[in-house]
J.: 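Can you keep this structure in mind? I'll have questions shortly.
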Amino acid sequence: MNIQKLIIEAIKEAVQKNIDAKIFPQAQIPDIVLEVPPQKDYGDFATNFAMQSARVFHMAPRKIAEELIKQIESEYLVKAEIAGPGFINFYLKAEVVHNQLKDVIDKGLSYGNLPAKEHARIQVEYVSANPTGPLHVGHGRGAAFGSALVNLLRAAGYDVQSEYYINDAGNQVDNLAASVNARYLELLGKDTEFPENGYHGHDIIDTAQRIIDKENDKYLSMDNDERLAIFKELALKEKLAALKEDLAAFNVHFDKWFSERTLHPAAVEDACAVLMKNGAMYEKDGAKWLKSTEYGDDKDRVVIRDNGVPTYLAADIAYHKNKYERGFDKLINIWGADHHGYICRVKASMKALGFDADKLDVLLLQMVSLYRNGELVKMSKRTGQSVTLSELIEEVGSDAARYFFIMRSLDSQLDFDLDLAKSESSENPVYYVQYAHARICSIFRQAKEAGITVDENTDYSLLTDEAEQALMKKILSYTDEINSAARDYAPHRIANYAHDLAADFHSFYNKCRIIGVDMPLAQARLGLAAAAKNTINHALNILGVNSPEKM
RNA sequence: GCGCCAAUAGCUCAGUUGGAUAGAGCAACGGCCUUCUAAGCCGUGUGUCGCAGGUUCGACUCCUGCUUGGCGCACCA
């Protein structure tokens, strides 16, 4: 049981005593929340309980706080004080803080991994870009955010499965095949027309060229349809391999790659049958429609076209049905903001199938704009002129790219400054954090030489300097940060936390020497540095960013 | 027309179920390396939190209306 919970228990007991003594009336007691106050003068923890309960108790907040303080008993507290409009500030005994620090050091790199939570099986589906071309920077944001979210949720004690949905059926892969086919014929000097919805990217030409390099004009004499079928499989295989390679280079790994093809036709037919049976689907003009308007959608949506071919929605309904049937407690989808109109119909279809639509959370990521030399880098999907993820990684590195994508909240549009991301200087926040880690590693190398070690007898009560105190507090607040960031699906708060922690370390470093001071103090400071190092390392692991030992 | 997101310091952005004096980085200026990495530290200042109402003991945060910018409104994915 952590210290916050113990204090909350002490507050609860004090409330009960006041109720028993008829000082507080019997009432529905609000949740007791402890927060870290904005200033160190306000103690280690504070609660706004007196203000929250003012209404139900029909008492003035400060009066409630006063009575509460009289009854609070805790072996961990030096004192509790009323402040401002009715806050109660708690001041921990120094010894309690030092014991916590000792625990952190003992835990090593596992500090930050919270105990497993109940009913916590979460599935996170992200990226899921069509396997028809290279990933671009927008996918990069989804990939960085998604993988960081998965790491964060795991640290917070959830059982997470990550998944990539491969759109390997339908029009877009036919267009892929047709595009490769056209390039193939073109390269062999044949007259051909490029398909209207074809993919113009250079990677398509590369694919065609590779086919020629390998097997020359072997497919030329073939019937067009037959050749298209072969090219479809060839291109798909190649594109998928490229996707996996790009993602691996970006430190993004999936537990499961789910093929859309496995849903056709049985799972789609089955889902439609259930919708039909539940009266959520009807036939009109030869097509099958989902009655999504009954669930707040603007209009009903076609699921099976009049020619009998299922729409994208059909596969998505079957896919989400499949996810629900796998028994997760929570399903998270990460989509581009341009798909927001889609949420309603997917949720509608899940309700119509009898599932709890609230289990599904769709997170939308806003657009990314690249800036180079202060100017917007223009992108165009139509002509295939866009910066790919692998080009971005090539230019700024995986660490900087990941950090920049993650450090902003998902629902803000992101201005990505390429020059800043690749500058190897203090301007660059990712280096700032990594530098703190490298510095500590350097200290450890030298502390080893100097024979300074941390052990059971290290006396942390010697850490009384302001900089030491601030660093200690920041480290000890990490688990709360993990919990609240996980609760809010907000890995960017871990990026901000890591930056703040690095700042506290750098201040400490400049003020408090480790090597060259009295041995007991040197040991205590080295212990604190160890805790800082592990915490930075853990936070950077969540972000998927490396923790270098030297820079 | 409808829907989603955003609007906070000169710039890019944080601000955790509504709480104490709204914070970082960049940019500007001044200090700190014969001692653990100067990719660092210390100091100086800046805000009608887009506008107008409302709810509340208390609003950057919640509600309503508006303004501006982005995205989307297919039998495409």
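Convention: sequence-line order gives letters A, B, ...; per-chain numbering from 1.
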J.: Nearest-Å distance, CZ (A:R439) to P (B:U35)?
T.: 13 Å
J.: Mind calculating the distance between CD1 (A:I514) and C1' (B:U35) to the nearest angstrom?
T.: 13 Å
J.: CH2 of A:W335 versus P of B:G72: gap in Å, rounded?
T.: 16 Å
J.: Ring centroid separation for A:F45 and A:F90, is it under 6.0 angstrom?
T.: no
J.: Output, in order, the C-alpha distance, side-chain angles, deciding distance and verdict of ring-ring contact (aromatic ring centres under 6.0 Å, His included) for A:Y165 and A:Y319.
T.: CA-CA 9 Å; A:Y165 177 60; A:Y319 177 45; 4.0 Å; yes
J.: Heavy atoms from C-beta onward define the side chain here; which of B:C75, B:C41, B:U37 lies closest to that of A:D306?
T.: B:C75
J.: Quick one: is B:A38 close enough that its OP1 or OP2 comes under 4.0 Å of any side-chain N or O from A:Y509?
T.: yes
J.: Is the A:H492-A:F145 ring centre distance short of 6.0 angstrom?
T.: no
J.: In whole Å, I'd like the distance from the CE atom of A:M59 to the C1' atom of B:C57.
T.: 15 Å
J.: Dump the pairs, protein N or O against N or O of nucleotides 14-16 of chain B, anything under 3.5 Å, distances to one decimal.
T.:
from, atom 1, to, atom 2, distance (Å)
B:A14, OP1, A:S409, N, 2.9
B:A14, OP1, A:S412, OG, 3.2
B:A14, O2', A:N496, ND2, 2.8
B:G15, OP1, A:H492, NE2, 2.9
B:U16, O4', A:R493, NH1, 3.3
B:U16, O2', A:R487, NH2, 2.3
B:U16, O2, A:S484, OG, 2.9

J.: Does a nitrogen or oxygen in the side chain of A:Q52 sit under 4.0 Å from OP1 or OP2 of B:G18?
T.: no
J.: May I ask you to verify if any side-chain N or O of A:Y432 is less than 4.0 angstrom from the OP1 or OP2 atom of B:C41?
T.: yes
J.: What contact category does A:Q446 fall into here, base, sugar-phosphate, or nothing, at under 4.0 angstrom with non-hydrogen atoms?
T.: sugar-phosphate
J.: How would you label the contact of A:E449 with the nucleic acid (heavy atoms, under 4.0 Å): base, sugar-phosphate, or nothing?
T.: nothing
J.: Rounded to whole angstrom, note down the C1' distance from B:G25 over to B:U8.
T.: 15 Å
J.: Counting any heavy atom closer than 4.0 Å, what does A:C441 reach on the DNA or RNA strands: base, sugar-phosphate only, or nothing?
T.: nothing
J.: For A:N89, report the nucleic acid contact type (base, sugar-phosphate, nothing); a contact means any heavy atom under 4.0 Å.
T.: base
J.: What is the separation between atom CG on A:L376 and atom P on B:C11, rounded to the nearest whole Å?
T.: 18 Å
J.: Closest approach to the side chain of A:S442, judged atom by atom: which nucleotide of B:A20, B:C36, B:A77 is it?
T.: B:C36
J.: The side chain of A:S507 lies closest to which of these nucleotides: B:C42, B:C5, B:A38?
T.: B:C42
J.: RNA chain B: A:D31 or A:Q39, which has the more 5' nearest nucleotide?
T.: A:D31
J.: Please determine, for the side chain of A:R55, which listed nucleotide (B:C75, B:G40, B:C57) has the closest atom?
T.: B:C57
J.: A:H339 side chain: which of B:G70, B:A20, B:A77 is closest?
T.: B:A77
J.: Tell me: NE2 of A:H499 to P of B:A24, nearest whole Å?
T.: 11 Å
J.: Side chain of A:H340: nearest nucleotide among B:C5, B:G3, B:A39?
T.: B:G3
J.: Could you please name the option among B:C75, B:C41, B:A77 that lies closest to any side-chain atom of A:Y312?
T.: B:A77
J.: Looking only at atom types and distance, does a side-chain atom of A:N428 sit under 3.5 Å from a main-chain N or O of A:A421, one as donor and one as acceptor?
T.: yes
J.: Nearest to the side chain of A:R513, heavy atoms from C-beta on, is which of B:U37, B:C41, B:U35?
T.: B:U35
J.: Report the distance from atom CG of A:L420 to atom P of B:A27, rounded to the nearest whole Å.
T.: 9 Å
J.: Could you check which of B:U21, B:A74, B:C13 has an atom nearest any side-chain atom of A:K299?
T.: B:A74
J.: Can you list the stems that RNA chain B is part of, where a stem is at least 3 pairs in a row, each Watson-Crick or G-U, with both distances below 3.5 Å?
T.: B:1-7 with B:67-73, B:10-13 with B:23-26, B:28-32 with B:40-44, B:50-54 with B:62-66
J.: Can you tell me the distance, in whole Å, between the NZ atom of A:K284 and the C1' atom of B:A74?
T.: 14 Å
J.: Pick base, sugar-phosphate or nothing for A:D415, based on heavy-atom distances below 4.0 Å to the nucleic acid.
T.: sugar-phosphate
J.: At under 4.0 Å between heavy atoms, what does A:M367 touch on the DNA or RNA strands: base, sugar-phosphate, or nothing?
T.: sugar-phosphate
J.: By nearest nucleotide on RNA chain B, pick out whichever of A:I515 and A:G341 is the more 5' one.
T.: A:I515
J.: Under 4.0 angstrom, heavy atoms only, what part of the nucleic acid is A:A54 near: base, sugar-phosphate, or nothing?
T.: nothing
J.: How is A:D285 classified with respect to the nucleic acid when contacts are heavy atoms under 4.0 Å: base, sugar-phosphate, or nothing?
T.: base
